[in-house]
Amino acid sequence: MEISLKTVDDQPVIIINNYFDNNEYNQLTNFIFDLNPYEWHTNPKKTFGATKEEGTIQLKKNYAINLDSLYTAEGRKYCPVFNINRKLFIKEVTKKLIKLNPLFNYLESCTSDTTFLNYYENNNLYDFHKDIAVFTANYIFFKESKNFKGGEFNIENKLINKPENNTMIIFPSFLHHKVETVLMPESKRGQCLGRFSMTQFCSFK
């Protein structure tokens with residue numbers, strides 16, 4: 001793992017490249033890439049996507065699914081995503097985050113997390129919004145070689161991170177953030193060659 005600490009409006013944003021080891025990454029992406037994102041929801045109301053102006057303007061244009069809604073408590077034990085994304089809460093990782101900024105002590109107190117999968121293809125985006133959680137952890141994946149442009153992760157227009165495979169970004173959920181528009185050739189559409197992400201919302205119950 002290659003960890004760097006950034007600051008946005010005096011708040012910590014941690015970026016970890018090569019977050020998952022090869023085994024974890026392969027298990028996770030084999031599962032995710034075998035799914036059909038075109039069967040996921042495009043209506044943000046189905047995935048609790050952020051809106052503005054009293055809910056009249058949707059900010060999200062992509063394919064997304066709330067993975068928790070698909071599994072029972074027993075079923076979660078057999079899903080690679082839920083097994084592997086527990087990594088965020090193991091002591092080895094939390095200690096590294098806390099060492100960089102003590103705010104991440106609160107991560108150890110989070111008692112609930114929700115996982116969403118997102119897929120962005122041509123002209124898909126997610127405009128500025130904040131999340132109803134304590135921390136947001138966003139993980140980026142795509143099939144090599146990269147077949148799209150754009151899709152940068154933008155926090156408060158002060159930190160713009162280009163999408164790199166197997167990267168995790170974690171930050172306080174109240175920071176406004178967006179996914180810039182993804183652009184890809186027409187010939188690449190419909191083949192799951194765009195930008196995948198997994199988002200983990202960590203909260204207090």
Side-chain angles (χ1 to χ4, degrees), residues 2 13 15-52 57-71 79-82 84-85 114-129 131 136-171 176-201:
E2 304 160 15
V13 176
I15 301 172
I16 307 179
N17 294 322
N18 299 314
Y19 177 74
F20 295 110
D21 65 31
N22 286 338
N23 182 51
E24 294 164 340
Y25 177 81
N26 288 334
Q27 285 189 62
L28 195 61
T29 54
N30 285 343
F31 177 83
I32 292 173
F33 293 162
D34 274 348
L35 300 175
N36 182 358
Y38 307 113
E39 295 178 347
W40 301 350
H41 299 297
T42 54
N43 181 348
K45 291 182 178 178
K46 299 278 189 179
T47 55
F48 310 101
T51 61
K52 65 179 180 180
I57 299 177
Q58 302 292 340
L59 302 176
K60 187 177 188 181
K61 182 182 179 185
N62 72 346
Y63 302 86
I65 192 162
N66 177 351
L67 204 60
D68 295 82
S69 69
L70 301 182
Y71 288 86
C79 175
V81 173
F82 294 121
I84 294 169
N85 73 8
T114 306
T115 301
F116 284 77
L117 299 179
N118 296 275
Y119 175 68
Y120 296 82
E121 206 163 81
N122 199 37
N123 293 321
N124 286 173
L125 55 85
Y126 198 165
D127 209 346
F128 274 120
H129 63 285
D131 301 322
T136 297
N138 188 266
Y139 311 78
I140 299 169
F141 312 102
F142 51 84
K143 297 178 181 178
E144 301 284 4
S145 60
K146 190 177 173 186
N147 290 280
F148 64 91
K149 295 181 179 180
E152 296 87 356
F153 200 83
N154 181 334
I155 301 179
E156 299 283 0
N157 265 336
K158 296 175 181 175
L159 174 62
I160 300 175
N161 194 67
K162 292 182 179 180
E164 294 184 33
N165 224 340
N166 194 13
T167 294
M168 189 265 269
I169 302 174
I170 185 167
F171 55 93
H176 286 84
H177 53 283
K178 70 185 291 189
V179 175
E180 301 284 358
T181 303
V182 169
L183 299 172
M184 60 193 304
E186 189 68 28
S187 62
K188 300 293 185 181
R189 295 185 66 183
Q191 302 177 56
C192 302
L193 297 176
R195 180 192 189 278
F196 285 86
S197 68
M198 174 175 70
T199 306
Q200 206 170 353
F201 301 108

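- Between Glu152 and Asn161, the side chains place no donor N or O within less than 3.5 Å of an acceptor N or O (distance only, hydrogens not considered).
- No more than 12 heavy atoms of other residues, nucleotides or ligands sit less than 6.0 Å from atom CZ of Phe48.
- For the pair Arg195 and Tyr120, the distance from NZ or CZ to the six-membered ring centre is under 6.0 Å and the angle to the ring normal is within 45 degrees.
- The closest donor-acceptor contact from the side chain of Gln191 to the backbone of Ser187 lies under 3.5 Å.
- In this structure, Phe116 has its ring center closer than 6.0 angstrom to the ring center of Phe201.
- For Pro37 against Cys192, the heavy-atom pair with the smallest separation is CD-SG, 3.5 Å.
- A distance-only check finds a donor-acceptor pair linking the side chain of Glu24 to the backbone of Asp21 [under 3.5 Å].
- Counted by atom type alone, Asn85 and Thr115 present one or more donor-acceptor pairs between their side chains at under 3.5 Å.
- Not less than 6.0 angstrom separates the ring centroid of Phe142 from the ring centroid of Phe196.
- With Gln58 contributing its side chain and Asn43 its backbone, the two residues share no donor-acceptor pair below 3.5 Å.
- Considering every non-hydrogen atom in both Asp131 and Thr136, the closest pair reads OD2-OG1, 2.7 Å.
- Under the 6.0 Å cut-off for aromatic ring centres, Phe171 and Phe153 qualify, their centroids lying closer than that.
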Could you go through Met168 and Ile15, starting from their C-alpha distance and side-chain angles, then the distance that decides it, and tell me whether this counts as side-chain contact (heavy atoms from CB on, under 4.5 Å)?
CA-CA 6 Å; Met168 189 265 269; Ile15 301 172; over 6 Å; no
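- Closest of all the heavy-atom pairs between Asn147 and Pro185 is O-CD, 3.7 Å.
- Other residues, nucleotides and ligands contribute over 12 non-hydrogen atoms within 6.0 Å of the CG atom of Asn23.
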Residues Tyr63, His41; criterion ring pair (Phe, Tyr, Trp, His ring centres under 6.0 Å); working and verdict:
CA-CA 5 Å; Tyr63 302 86; His41 299 297; over 10 Å; no
Kindly indicate, with the supporting measurements, whether the criterion side-chain contact (heavy atoms from CB on, under 4.5 Å) is fulfilled by Cys79 and Leu70.
CA-CA 10 Å; Cys79 175; Leu70 301 182; over 6 Å; no
Under the side-chain hydrogen bond (donor to acceptor under 3.5 Å, both in side chains) criterion, do Glu2 and Tyr19 qualify, and how do the steps go?
CA-CA 7 Å; Glu2 304 160 15; Tyr19 177 74; over 6 Å; no
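- No donor-acceptor pair under 3.5 Å is formed between the side chain of His177 and the backbone N or O of Glu156.
- Separation of atoms CG (Asn124) and CD (Glu180) is listed at 13.5 Å; rounding is to 0.5 Å.
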Evaluate side-chain contact (heavy atoms from CB on, under 4.5 Å) for Glu164 paired with Ile140, printing each intermediate quantity in order.
CA-CA 7 Å; Glu164 294 184 33; Ile140 299 169; over 6 Å; no
Could you go through the side-chain contact (heavy atoms from CB on, under 4.5 Å) check for Ser197 and Tyr119 one step at a time?
CA-CA 6 Å; Ser197 68; Tyr119 175 68; over 6 Å; no
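- Geometric assessment of Lys178 against the ring of Phe128 yields a positive cation-pi assignment under the 6.0 Å and 45° thresholds.
- Inspection of the Lys60 and Thr47 side chains reveals an N or O donor paired with an N or O acceptor under 3.5 Å.
- Asp68 and Thr114 are not linked by any side-chain donor-acceptor pair at a separation below 3.5 angstrom, with hydrogens and angles left out of the test.
- In this structure, Lys143 satisfies the cation-pi test against Phe33, with its NZ or CZ atom closer than 6.0 Å to the six-membered ring centre and inside 45 degrees of the ring normal.
- Aromatic ring centroids of Phe20 and Tyr139 lie under 6.0 Å apart.
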